[in-house]
Amino acid sequence: MFKPVQKNVNFPALEENILKFWEEKQIFQKTSEQRSECPEFVFYDGPPGTNGRPHIGHMMQSALKDLWPRYKIMNGFHVIRKAGWDTHGLPIELTAERELKLSSKRDILTFGEDKYIDYCRSTVFRYKESWEKAIRRIGRFLDMEHPYLTLSNDYIQSDWYLLKLAWNRKLEPDRIELQGKSVSPRFLYKDYRIMPYCARCGTTLSNFEVAEGYKDVIDMTLTAKFRVQGMENTFIAAWTTTAWTLLSNVALAVGPEVDYVAVKLQGDTEGAKAGQTIIMAAARLEAYKKQLEPYDLLWTRKGSELAGLEYFPLWDFQVNPQAHRVVSDDYVTTEDGTGIVHLALYGDDDFRIIRREGFPLVQNVAENGLCTQNAGQYAGRYFKDETLDIDVLKDLKQRDLLLAKEKHEHSYPFCYRCDAALMYFARPGWFLRTASYRPEMLRANAYINWQPNHIKEGRFGNWLENTIDWNVTRERYWGSPFPVWACADPDCPGEVCAGSLDELRQFAGSETDKILFNEKLGALDLHKPLIDRLKIPCPHCSKPMSRENFVLDSWFNAGLMFIGQWGYPATLGSKEIFARQYPCDFICEAIDQTRGWFYTLLATSTLFSMCNDFPEQDWSCYRNVICTDLVLDEEGRKMSKSRGNVIDPATLFEKFGADATRWSFYTTNPWNVRRFSAENVKDCVRDVLLPLWNSYSFFITYARVDNWTPNKTDLCQDHPLDRWLLGELTRCQREVSQALDQYDVAPASSACARFLDQLTNWYIRRSRRRFWKSEDDHDKQSAYATLYQVLTDFCLILAPFMPFVSEEIYQNLVTTVKPEAPESVHLAAWPKPALDKIDEELAATMEFARKIVRSGRDLRQKHSIKVRQPIAEVKAVISDGTFDGIKAMKDLILEELNAKKFTLLKDDKTLVQLIAKPNLKALGPHFKNEMNKVAEVIKAFSPDVVQQIADGLSVKKDGFDIQPDDVIIEQQAPTNCPISNSEGFTVALNLELSDDLVAEGLAREIVHCIQNLRREADLEVTDQIRIRISTDESAIINAIAAHNSWIRTETLAKDLSVATEPPNSSSKPIKIDQYSVYLTVEKAI
RNA sequence: GGGCCUAUAGCUCAGUUGGUUAGAGCGCACGCCUGAUAAGCGUGAGGUCGGUAGUUCGACUCUACUUAGGCCCA
């Protein structure tokens, strides 16, 4: 027999018990073991960093990441769910710097690299327990006992393996892009990039950090005159906001399509002398009126014609035969300045052009922010020293090389830590040739199913289109070590790249393991600083080589988890498991990962696949991806500690439970920004969990009363309600499967919600009597069998969504009575459709019946007739083919509307008239421009014509040939009748109340009162009672006389005594309608 | 400055290929019902789908522009 159901269900407490049950019985392990021979469904878990706490957005991720694996397992797949933690990266170093009060690389070196790195390592797992606790509590099945860690030696070797693939791969000759002569054709090459750099802290900054520190400032800008070689007294004018960069000028750039003019000054101005010729963009002349007018226009030329002009540098210390030439480039515009840009090695575009044109790499301001010894009289000055700008300005002015000066407001980045102005500085790094396999990444993207779809061609596609070579190294301390050693002799080309620890041992010799042994860890440690102590003899000149002092971009590190999580290929057994676990079927992360993990997975897996000759469809290591958006607070703001609007997942779990929290994330499209509040979760309890629980509790209550248990022979369900409900269950099962197969969660949850409504608000409500009636007949058996099957199957469908409550219900419904069944709902199979075929006609008819009932209730309410008062007749007029079906629903409708007679009519002129409406969808294609006219004609049809159309005849009218399909026939009720009409049907009630009907209504009132008294007296459902009624109201006495036995049956009364004298006791009369009645109920013994 | 997304009822959100009366839940109002239900149910009010223009017989849906917000990039 089923166990009784607790009345006051406490979901959070229930969930804690289920968690214990899962752990005791090792259900998670069994979901994997029991399916070890099944086909794989591959899931990759992106590694979160655990030096911060998990928040509500992560819980949404967990809810989604858990849903599909559970669903797939029930569908017969084997799913590995391996957790991963990201243990490298800048956030960790920033935490360490903050807590150790270090603000620069110099500080770090003073503090001690080894101590600093140890500290970083110590913060890595600071909140790992919080993560584990939250993930466990939300019911996510995830293997956190064997997580992959990006800092492990196995993982690092996967980094090295992939780098070595890139190292060995070389650009095909026909795909070599012009990148400067010194760069190697390897897919992994060393180069420079202009990085935001704080000279004071001695640190490059990430884009994110730069964005923190923009300020509007006023700077002195100046326009310098560069004397052209071979042209008499002629100067090119170029504008700059950073005077200090002029010290490193190597070239001037013009726009190839821009018009430039040469103007000869007629008189002296504050910037130039009579007779001098100045070259600038025609469009900029206006801005330099003061310095130029009056002038003679000598010529106009396109920028492309100016390219190649040579000029004298501003200072002698700059003289270099390779430099100081005009070049053209599309990035030059005429928006500000002179339309001519001075180039120095302190800007991205500058760097690109300088490299392309082969100009010398001049940096007369060094990385410490001081002018170098090459900078003549400026040597040793700080680049942002205000007097430096002034001195440069005076200097140029004095030598007649200054056209103009002006104060200019613009936004400039400052160091978010120390507030010093940043500079853009060429820094070395190692690059992956991602740009060279951009077409392959685009092809790989074509095989990815993105949810939402617009990411594929939009945000992600655009990013791929514009991808440039990826700087995979960082000049930092805590990270995956970069495994390239280069010869100390700058002229020697010797370098090696270690693709594994074994290879490193071969390079570095027998001392390797000894050097890499970390005493504190008691294990080999591949991180800095130990690895820097390895010296490898140069293969060319045998001098010692040193490691290129970089760590890997932590995105590169995380991106190759598809091999890293197995330590592929160095780790024992990794090749076998990798072969089964590549590519992956499903990943789910937030939208900020388009340029993060989504990209780095694709970039690394495409490279990996190309090197291993994988087929095109497997180049991307993921096939389906859900890209979620942010979870905001209820006012649409980001949640942050400082605002105090953070919702702690733990409080939701404690208050409402994990199932409700999970469900709240399944009801909307997760790729839209979501305003979230605890109210959402509360609603889920009320809308979904409680109705489900109540249905279950209803079933158990009666099954226990009748001692009912499932029995296979009872499955002959012919009651229309039973067949209908089984059909709706099948529909729900199909819709959920279909939606989940498309990685679309919202339709899946709404299918469940719809079914739940059908179950509680129609099936159970209309079937109550079938369960509590005393005859144990076929109808009752059928009701039990149906409700049992529906609850168990529905429970299985809900299991991936709400793993706790579904487990609880499953345990009682299934395992208590079927010992042979799987011991957990999560080890059970996804339910098969309850019916082979849904009876669509029955479904439509039932829907129709419900609509008729709604209209009927509407009418009762409008005429103030409460449902307890029976009425004589319900009339319905329907016009379409469900006529016979509706007739079969007669009893349902009568019971629900409490009426005596149901009359169904095909048409009734007194109740309805037919009206014609144009069927636009049909008319549009036929009549096009004339459709509006035809529509008017149809609306104006006379009743005869409407009838003709209704009878299926075509009509010629006003020159139009109108077919029955062109018209929609609807019913319209005459006004002033107790009638309600809606699409396709009309309902009318006969509200005249005979004396009998009034008496019956009173009897129902009496029963209602008695039932309330039963409940107040805390009687059991099955308890028998005695009723005593005292009243002198003849209406009541008559009603009781007429319905005596019915009242007793309804209330399980052994006897019912009626007296006309009020009882002696002090009891008060109660009101039944307008009548006073003394009523007592006591338990019969 | 560029790319992408979002805008639908008081609130949170659905809305399949352009088609007649744009849906749900919450909230609100009114009412009903109660021998499954810390309840439940029904009905109603409430939106012309951010704005403008266009394409079309017809636009929440397609196009362009625009406003506001968001994310990413520069």
Novice: Under the 3.5 Å rule, do the base of B/C71 and the side chain of A/Arg459 count as making a donor-acceptor pair?
Specialist: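 Yes, a donor-acceptor pair under 3.5 Å.
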
Novice: What integer number of Å spans the C1' atoms of B/G10 and B/G27?
Specialist: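 Straight-line distance between the two C1' atoms is 8 Å.
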
Novice: Taking only side-chain N and O atoms of A/Asn761, does any of them lie within less than 4.0 angstrom of OP1 or OP2 on B/C41?
Specialist: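 Answer is yes, contact under 4.0 Å.
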
Novice: OP1 or OP2 of B/C13 versus the side-chain N and O atoms of A/Asn672: is any pair under 4.0 Å?
Specialist: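 So the side chain of A/Asn672 is outside the cut-off, no N or O lying under 4.0 Å from OP1 or OP2 of B/C13.
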
Novice: What's the gap between B/G23 and B/G15 when it is taken at their P atoms, as a whole Å value?
Specialist: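 The same atom, P, in both gives a distance of 15 Å.
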
Novice: Tell me: CG of A/Asn898 to P of B/G31, nearest whole Å?
Specialist: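 Rounding to the nearest Å, CG of A/Asn898 and P of B/G31 are 20 Å apart.
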
Novice: Give me the distance, rounded to whole Å, that separates B/G44 from B/A9 when you measure between the C1' atoms they each carry.
Specialist: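 It works out to 14 Å between them.
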
Novice: Of the listed nucleotides (B/A14, B/C26, B/A36), which one gets closest to any side-chain atom of A/Thr668?
Specialist: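 Of all the options, the side chain of A/Thr668 is nearest to B/A14.
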
Novice: Please report the distance, rounded to the nearest Å, between CG in A/Asp757 and C1' in B/A39.
Specialist: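 From A/Asp757 CG to B/A39 C1': 16 Å.
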
Novice: For B/A38, give its Watson-Crick or G-U wobble partner with both distances under 3.5 Å, or none.
Specialist: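 WC or wobble partner does not exist here.
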
Novice: Nearest-Å distance, CG (A/Asp330) to P (B/G1)?
Specialist: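 Atom CG in A/Asp330 sits about 21 Å away from atom P in B/G1.
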
Novice: With a 4.0 Å cut-off on heavy atoms, is A/Thr760 in touch with a base, just the backbone sugar-phosphate, or nothing at all?
Specialist: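 Base contact.
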
Novice: Does the side chain of A/Tyr696 get closer than 4.0 angstrom to OP1 or OP2 of B/A36 through an N or O atom?
Specialist: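 Answer no for this pair, as no side-chain N or O of A/Tyr696 is under 4.0 Å from OP1 or OP2.
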
Novice: Which of the following nucleotides, B/A36, B/A14, B/C4, is nearest to the side chain of A/Tyr702?
Specialist: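 Taking heavy atoms from C-beta onward, the closest nucleotide is B/A36.
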
Novice: Which nucleotide sits closest to the side chain of A/Arg765: B/C72, B/C41, B/G19?
Specialist: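 Shortest atom-to-atom distance from the side chain points to B/C41.
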
Novice: What is the distance from CG of A/Asp629 to P of B/U12, rounded to the nearest Å?
Specialist: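 The distance from CG of A/Asp629 to P of B/U12 comes to 15 Å, rounded to the nearest Å.
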
Novice: Does any donor atom in the side chain of A/Trp470 or A/Asp553 lie under 3.5 Å from an acceptor atom in the other side chain?
Specialist: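 Yes, a side-chain donor-acceptor pair sits under 3.5 Å.
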
Novice: According to a strict under-4.0 Å criterion, is A/His1008 in side-chain N/O contact with OP1 or OP2 of B/C33?
Specialist: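 It does not, given that no N or O in the side chain of A/His1008 lies less than 4.0 Å from OP1 or OP2 of B/C33.
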
Novice: Counting only N and O atoms by type, is there a donor-acceptor contact under 3.5 Å from the side chain of A/Glu15 to the main-chain atoms of A/Asp659?
Specialist: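 Flag set: sc A/Glu15 to bb A/Asp659 pair under 3.5 Å.
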
Novice: Within the 4.0 Å heavy-atom criterion, would you say A/Arg686 contacts the bases, only the backbone, or no part of the nucleic acid?
Specialist: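 Sugar-phosphate contact only.
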
Novice: How long is the line joining CZ of A/Phe676 and C1' of B/C26, in whole Å?
Specialist: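 Atom-to-atom, A/Phe676 to B/C26, this comes out as 15 Å.
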
Novice: What distance, rounded to whole Å, do you find between the two C1' atoms, one in B/G18 and one in B/G70?
Specialist: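 29 Å, rounded to whole Å.
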
Novice: Any strand is fair game: report the nucleotide pairing with B/C4 by Watson-Crick or G-U wobble, both distances under 3.5 Å, or none.
Specialist: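 Here B/C4 is engaged in a pair, and the nucleotide opposite it is B/G70.
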
Novice: Tell me what A/Val9 touches on the nucleic acid: a base, only sugar-phosphate, or nothing, going by heavy atoms under 4.0 Å.
Specialist: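 Base contact.
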
Novice: Could you tell me how far B/U37 sits from B/G51 if I compare only their C1' atoms? Round to whole Å.
Specialist: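 Their C1' atoms lie roughly 48 Å apart.
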
Novice: Looking only at side chains, do A/Gln61 and A/Thr628 share a donor and an acceptor under 3.5 Å apart?
Specialist: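 Per modelled atom types, A/Gln61 and A/Thr628 side chains form a pair under 3.5 Å.
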
Novice: Need the pair for B/G23. Rule: Watson-Crick or G-U wobble, both distances under 3.5 Å, any strand; none if unpaired.
Specialist: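 Its partner is B/C13.
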
Novice: Take A/Ser750 and A/Arg595, find for each the nucleotide of RNA chain B with the closest heavy atom, and name the residue whose nucleotide sits nearer the 5' end.
Specialist: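 By nearest-heavy-atom nucleotide position, the 5'-most residue is A/Ser750.
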
Novice: Look through every strand shown and name the nucleotide pairing with B/C62 as Watson-Crick or G-U wobble, where both distances are under 3.5 Å.
Specialist: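 B/G54 - that is the nucleotide pairing with B/C62, both distances being under 3.5 Å.
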
Novice: Of the listed nucleotides (B/A36, B/G15, B/G70), which one gets closest to any side-chain atom of A/Val673?
Specialist: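 My answer, after comparing the listed nucleotides, is B/G70.
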
Novice: Please give the nucleotide sitting opposite B/A45 as a Watson-Crick or G-U wobble pair, both distances under 3.5 Å, or none.
Specialist: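 B/A45 is paired with nothing.
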
Novice: Roughly, in whole Å, what's the span from CZ in A/Arg766 to C1' in B/C41?
Specialist: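 A/Arg766 atom CZ is separated from B/C41 atom C1' by 12 Å.
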
Novice: So, does A/Glu465 use its side chain to make a donor-acceptor pair with the main chain of A/Arg438 at under 3.5 Å?
Specialist: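 Pair absent, no side-chain N/O of A/Glu465 close to backbone of A/Arg438.
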
Novice: Have a look at A/Asn919 and say if it touches a base, only the backbone sugar-phosphate, or nothing, with a 4.0 Å heavy-atom cut-off.
Specialist: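 The answer is base, as A/Asn919 lies within the cut-off (heavy atoms under 4.0 Å) of a base atom.
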
Novice: So A/Arg352 and A/Asp349, salt bridge (charged side-chain N to carboxylate O under 4.0 Å, His left out) or not? Walk me through it.
Specialist: CA-CA 5 Å; A/Arg352 176 176 57 81; A/Asp349 286 304; 3.1 Å; yes

Novice: Using the P atoms only, state how far B/G58 lies from B/G19, rounded to an integer number of Å.
Specialist: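 One P to the other, the span is 14 Å.
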
Novice: Rounding to the closest angstrom, what is the interatomic distance between B/G40 and B/C33 at atom C1'?
Specialist: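 Approximately 8 Å lies between the C1' atom of B/G40 and that of B/C33.
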
Novice: Tell me what A/Pro918 touches on the nucleic acid: a base, only sugar-phosphate, or nothing, going by heavy atoms under 4.0 Å.
Specialist: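 Base, at least one base atom sits under 4.0 Å.
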
Novice: Take A/Tyr763 and A/Ser695, measure what side-chain hydrogen bond (donor to acceptor under 3.5 Å, both in side chains) needs, and give me the verdict at the end.
Specialist: CA-CA 10 Å; A/Tyr763 181 82; A/Ser695 308; over 6 Å; no

Novice: What's the gap between B/A68 and B/G50 when it is taken at their C1' atoms, as a whole Å value?
Specialist: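 Rounded to whole Å, the distance is 8 Å.
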
Novice: Scan side-chain atoms only and decide if A/Asn812 and A/Tyr696 contain a donor-acceptor pair under the 3.5 Å cut-off.
Specialist: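 Short answer, yes.
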
Novice: A/Ile591 has an atom CD1; how far is it from atom C1' of B/G3, in whole Å?
Specialist: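 After rounding, the gap between these two atoms is 12 Å.
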
Novice: Under 4.0 angstrom, heavy atoms only, what part of the nucleic acid is A/Thr594 near: base, sugar-phosphate, or nothing?
Specialist: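 No contact.
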
Novice: Just by distance, no angles: are the side chains of A/Trp450 and A/Asn445 close enough, under 3.5 Å, to form a donor-acceptor pair?
Specialist: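 Judged by distance alone, the side chains do pair up.
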
Novice: Choose from B/C5, B/A36, B/A14 the nucleotide whose nearest atom is closest to any side-chain atom of A/Asn669.
Specialist: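 From the listed options, B/A14 comes nearest.
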
Novice: Could you check how far NE2 of A/His454 sits from C1' of B/C72, rounded to whole Å?
Specialist: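 A/His454 atom NE2 is separated from B/C72 atom C1' by 13 Å.
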
